[in-house]
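Chain letters run A, B, ... following the sequence lines, proteins first and then strands; every chain starts at 1.
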Amino acid sequence: MSSFEVLKLEYGACVEALGEALKSDDETAFFNAVDHIVRMREPRTITAIRRLTGDLQQALERFSIESRLADIAEHGIPDAKTRLTHVIRLTDQAAHRTLDLVEQSGPLAERTAREAKALLGASQALRAGATLDSRAESAVRSIEGFLGTAHADAEQIRRNLADVLLAQGYQDLTGQVIRSVMTLVQELEQALTSLAQLSGDVVEHATLGENPEAGPGPPVPGVTRGEVATAQTDVDELLSDLGM
Amino acid sequence: MSKDVKFLVVDDFSTMRRIIKNLLHDLGYPHVAEADDGKTALPMLQTGGFDCLITDWNMPGMPGLDLIKAVRADARLAGMPVLMLTAEAKREQIIEAVQAGVNGYVIKPFTAETLKEKLDKILGAGK
């Protein structure tokens with residue numbers, strides 16, 4: 001049998017039904033016949049689309065039933081943003097504290113270096129012009145030795161402090177990275193919220209317990225709930241109450 | 001070279017502004033003012049009294065690139081030496097900054113020596 005003979009066999013009945021429907025003005029029969037032809041023509045595509053639609057429907061139902069995703073959109077992500085902001089604030093405080101100490105210590109080191117050098121010069125000049133017994137000579141040389149070391153050490157401290165100053169640049173660089181993550185989190189929040197709305201979000205959210213998002217780690221203001229010790233004295237007081 | 005140069009340092013991170021201020025003081029420049037964004041910096045520049053601008057790129061209100069363009073577009077400010085000091089290091093960005101009219105471009109993290117070298121270069125001419 002030629003391939004066209006096969007086609008006539010496969011499609012023949014449908015084409016006839018189509019013609020009949022047209023002749024008898026039967027709209028329902030017409031579309032049934034058209035659908036039948038389309039189904040025969042593109043079976044795989046139709047099946048695949050049907051399956052995708054079914055999968056999507058199931059996924060959306062699961063989304064609204066598994067309220068965790070909706071809860072992440074509503075609580076988890078704002079918590080994440082609060083935590084990231086907190087990190088930036090902590091690093092800012094730490095870097096500024098370090099810079100305070102650098103600014104205080106620099107002049108001290110500079111003064112020590114300067115005065116040690118001056119005293120060393122003065123001592124050497126004095127010794128050159130005087131006659132000292134061996135004990136005095138030895139003592140003065142020891143002092144001069146110390147002054148030389150003090151000068152060199154203070155200069156090194158000064159250089160180290162300059163490096164510490166530059167190293168605080170980490171706070172700017174890490175802060176910029178964190179801010180770009182926060183932008184990403186914001187976009188994720190919007191997408192999840194839209195998805196939650198799309199799925200109808202009919203189911204009441206099951207509350208996920210007192211503090212599901214907190215996890216281990218330092219307390220974060222606005223996220224961590226419950227009583228938190230803020231100073232060592234709080235801890236010691238509690239320990240003392242517990243009998244330790 | 002005159003140490004009387006009046007700097008405006010613009011960066012949205014206060015720690016970075018403080019570091020740059022310290023470095024400028026160490027180089028012998030006592031006059032350093034700060035702004036936290038291009039938006040707050042521009043009116044300060046327009047009020048007058050500044051000889052050199054050091055600016056970051058990424059700032060929420062007005063990014064550094066837009067600040068530079070505004071400076072170059074203002075007849076009173078157009079000739080001011082401008083140094084860009086930023087973590088942005090892509091080739092296209094550097095080209096964009098040069099086209100906008102920066103006199104120098106330093107990427108973070110940077111050393112004190114690099115800052116001195118670039119400043120000497122952009123301030124040396126004409127002073």
- Message: Can you tell me which of A:Gly175, A:Ala95, A:Ala162 forms the most heavy-atom pairs within a distance under 4.5 Å of chain B?
- Response: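 Going by pairs under 4.5 Å, I would pick A:Gly175.
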Answer yes or no: are there more than 12 heavy-atom neighbours, outside [X] itself, under 6.0 Å from its atom [atom1]?
X	atom1	result
A:Phe146	CZ	no
B:Lys6	NZ	yes
A:Arg159	CZ	yes
B:Lys21	NZ	yes
B:Lys108	NZ	yes
B:Ile107	CD1	no

- Query: Hey, is B:Arg18 close enough to A:Asp100 for a salt bridge, meaning N to O under 4.0 Å?
  - Reply: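 A salt bridge is present here (some side-chain N lies under 4.0 Å from a carboxylate O).
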Could you tell me which non-hydrogen atom of [X] sits nearest to which non-hydrogen atom of [Y], and how far apart they are?
X	Y	answer
B:Met16	A:Gly169	CE-CA, 3.8 Å
B:Phe13	A:Gln171	CD2-OE1, 3.4 Å
B:Thr111	A:Leu166	CA-CD1, 4.1 Å

- Let me know if A:Leu173 has heavy atoms under 4.5 Å from chain B in its side chain, its backbone, both or neither.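 The side chain, not the backbone.
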- Item | Worked check of side-chain contact (heavy atoms from CB on, under 4.5 Å) between A:Gln168 and B:Thr15 | CA-CA 7 Å; A:Gln168 302 317 298; B:Thr15 49; 5.7 Å; no
- Message: Show, in sequence, the C-alpha distance, side-chain angles and deciding distance for A:Gln176 and B:Thr86, and conclude whether the side-chain contact (heavy atoms from CB on, under 4.5 Å) test is met.
- Response: CA-CA 11 Å; A:Gln176 288 187 51; B:Thr86 173; 5.7 Å; no
- Item | Pair A:Arg179-B:Asp12, side-chain contact (heavy atoms from CB on, under 4.5 Å): steps then yes or no | CA-CA 12 Å; A:Arg179 283 208 186 138; B:Asp12 53 340; 2.9 Å; yes
